[in-house]
Amino acid sequence: MHWDDEKLMLRALEIARSGMLSGKGGPFGAVVAKAGEIVGEGCNEVTSTNDPTAHAEIVAIRNACTAIGAFQLEGCRIYTTCEPCPMCLGAIYWARPEKFFFAGTREDAAAAGFDDEMIYEEIALSVGERRLPSENILRDSSKELFQAWVDLPDKITY
C-alpha cells in the first residue's frame, strides 16, 4: 500500500479553495483515505447549509463512513487543511483513523479570523466556570437510560 501524504493534502487544499470560491463556506477542506485511496472528501459548508457542525472534517468523515459502510475509519488517514477545532478533533478521535495530518495551525486560522482559542479554554474549565450557562437536570432519568443501554443484549458498541 502506498500513501502519498502530500498529494492527499494537496487535494484537501484544492477542495478548500474550490468550496471557498463557490460560496459553500470558509477556507477549509478535508480528505479521508484508505490504503492510499480517497474514500471521502469535504469542504466547509457552514454558511451554505446553515449548519454550524458542517466543518470540512465532519463532512469528509460522514462521506467516508457512508462510502466504506462503517462508523469507524479503521486503517484510514485524514488530511485537513488546518489544525482541527475542538469539535472536529473530537470527531476525528471518535472516527478512530490510524493517523491525521493538518496543514495550517490554529494560530494561522486565528490570524484569518477563525479563532477557536476560547473554546479550548472553556473545555478546560469546570462546568460552573464556563461562559455558557448550563444546568444538570433529570440525571436519574439519564442514568436509567444508560443502564438500559448496559443491559441491552444485542447492542453494537463503539
Side-chain angles (χ1 to χ4, degrees), residues 5 8-9 11-33 39-66 70-74 76-152 155-158:
D5 297 322
L8 291 162
M9 183 62 80
R11 176 64 185 149
L13 290 160
E14 181 182 306
I15 293 164
R17 182 176 301 279
S18 175
M20 175 185 72
L21 295 176
S22 69
K24 286 188 176 182
F28 304 98
V31 165
V32 179
V39 294
E41 299 180 332
C43 66
N44 182 287
E45 299 178 4
V46 170
T47 57
S48 62
T49 62
N50 293 320
D51 180 353
T53 69
H55 289 201
E57 298 92 334
I58 303 293
V59 173
I61 288 169
R62 288 174 180 162
N63 289 337
C65 288
T66 298
F71 58 84
Q72 292 181 342
L73 298 175
E74 188 174 310
C76 293
R77 293 181 181 180
I78 298 176
Y79 302 82
T80 180
T81 59
C82 188
E83 184 177 355
C85 74
M87 174 184 71
C88 292
L89 183 60
I92 290 169
Y93 271 90
W94 280 115
R96 293 179 174 85
E98 70 176 30
K99 188 172 186 177
F100 82 93
F101 300 81
F102 62 94
T105 66
R106 65 196 218 200
E107 291 81 13
D108 299 334
F114 299 94
D115 192 352
D116 300 325
E117 195 57 37
M118 182 273 292
I119 300 171
Y120 282 102
E121 292 169 0
E122 288 284 298
I123 289 170
L125 298 174
S126 68
V127 172
E129 295 176 307
R130 294 180 184 158
R131 294 179 194 184
L132 183 62
S134 63
E135 184 177 341
N136 183 218
I137 62 173
L138 296 177
R139 183 173 179 201
D140 288 340
S141 296
S142 176
K143 288 170 71 173
E144 289 174 15
L145 183 61
F146 282 126
Q147 189 58 52
W149 168 258
V150 169
D151 297 339
L152 194 65
K155 65 182 169 277
I156 298 173
T157 58
Y158 57 98

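In this text the structure is predicted, and so the values were computed from the model without any measurement.
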What's the shortest heavy-atom distance between [X] and [Y], and which atoms?
X: Ile78; Y: Pro97; answer: CD1-CG, 3.8 Å
X: Cys43; Y: Gly19; answer: SG-CA, 3.8 Å
X: Pro84; Y: Leu89; answer: CB-N, 3.7 Å
X: Ala103; Y: Met9; answer: N-CE, 3.7 Å
X: Ala33; Y: Leu8; answer: CB-CD1, 3.9 Å
X: Gly23; Y: Ser48; answer: O-CB, 3.9 Å

Rounded to the nearest 0.5 Å, what's the gap from [atom1] on [X] to [atom2] on [Y]? Could you check?
X: Ile58; Y: Asn63; atom1: CD1; atom2: CG; answer: 11.5 Å
X: Ile92; Y: Lys99; atom1: CD1; atom2: NZ; answer: 13.5 Å
X: Glu98; Y: Leu73; atom1: CD; atom2: CG; answer: 11.0 Å
X: Cys88; Y: Phe100; atom1: SG; atom2: CZ; answer: 10.5 Å
X: Arg77; Y: Asp5; atom1: CZ; atom2: CG; answer: 5.0 Å
X: Leu132; Y: Leu125; atom1: CG; atom2: CG; answer: 12.0 Å

Counting only heavy atoms not in [X], do more than 12 fall under 6.0 Å of its [atom1]?
X: Ile123; atom1: CD1; result: yes
X: Glu121; atom1: CD; result: yes
X: Tyr93; atom1: OH; result: no
X: Lys155; atom1: NZ; result: yes

Practice prompt. Give a yes-or-no answer on whether the side chains of Asp108 and Thr105 include a donor-acceptor pair shorter than 3.5 Å.
Written response: yes
Practice prompt. Would you kindly say whether Glu129 and Ser126 are connected by a side-chain donor-acceptor distance under 3.5 Å?
Written response: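 Checked: Glu129/Ser126 side chains pair up, N/O donor to acceptor below 3.5 Å.
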Practice prompt. Indicate the ring-plane relationship of Phe101 and Tyr79, choosing parallel, tilted or perpendicular according to the 30° and 60° boundaries.
Written response: parallel
Worksheet item: Run the side chain to side chain contact (heavy atoms under 4.5 Å, CB included) check on Asn44 and Lys24 step by step: do they pass?
Response: CA-CA 7 Å; Asn44 182 287; Lys24 286 188 176 182; over 6 Å; no
Worksheet item: Just wondering, do Thr81 and Pro27 contact through their side chains at under 4.5 Å, heavy atoms?
Response: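 Answer no - side chains too far apart.
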Worksheet item: Is a salt bridge present between Arg17 and Glu14, judged by a nitrogen-to-oxygen distance below 4.0 Å?
Response: no
Item to complete: Report yes or no: does Arg130 contribute a side-chain atom to a donor-acceptor pair with the main-chain N or O of Gly128 at less than 3.5 Å?
Response: no
Discussion item. Test side chain to side chain contact (heavy atoms under 4.5 Å, CB included) on Phe71 and Ile156; report intermediate values, then the result.
Written reply: CA-CA 11 Å; Phe71 58 84; Ile156 298 173; 3.8 Å; yes
Discussion item. Go through it in stages, so that I can follow the logic: the residues are Glu117 and Arg106, the test is salt bridge (charged side-chain N to carboxylate O under 4.0 Å, His left out), and I'd like the CA-CA distance, side-chain angles, deciding distance and then a yes or no.
Written reply: CA-CA 8 Å; Glu117 195 57 37; Arg106 65 196 218 200; 3.3 Å; yes
Practice prompt. Could you list the residues that satisfy ring-ring contact (aromatic ring centres under 6.0 Å, His included) with Phe114, not counting sequence neighbours?
Written response: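 By the ring-ring contact (aromatic ring centres under 6.0 Å, His included) rule, Phe114 matches Phe28.
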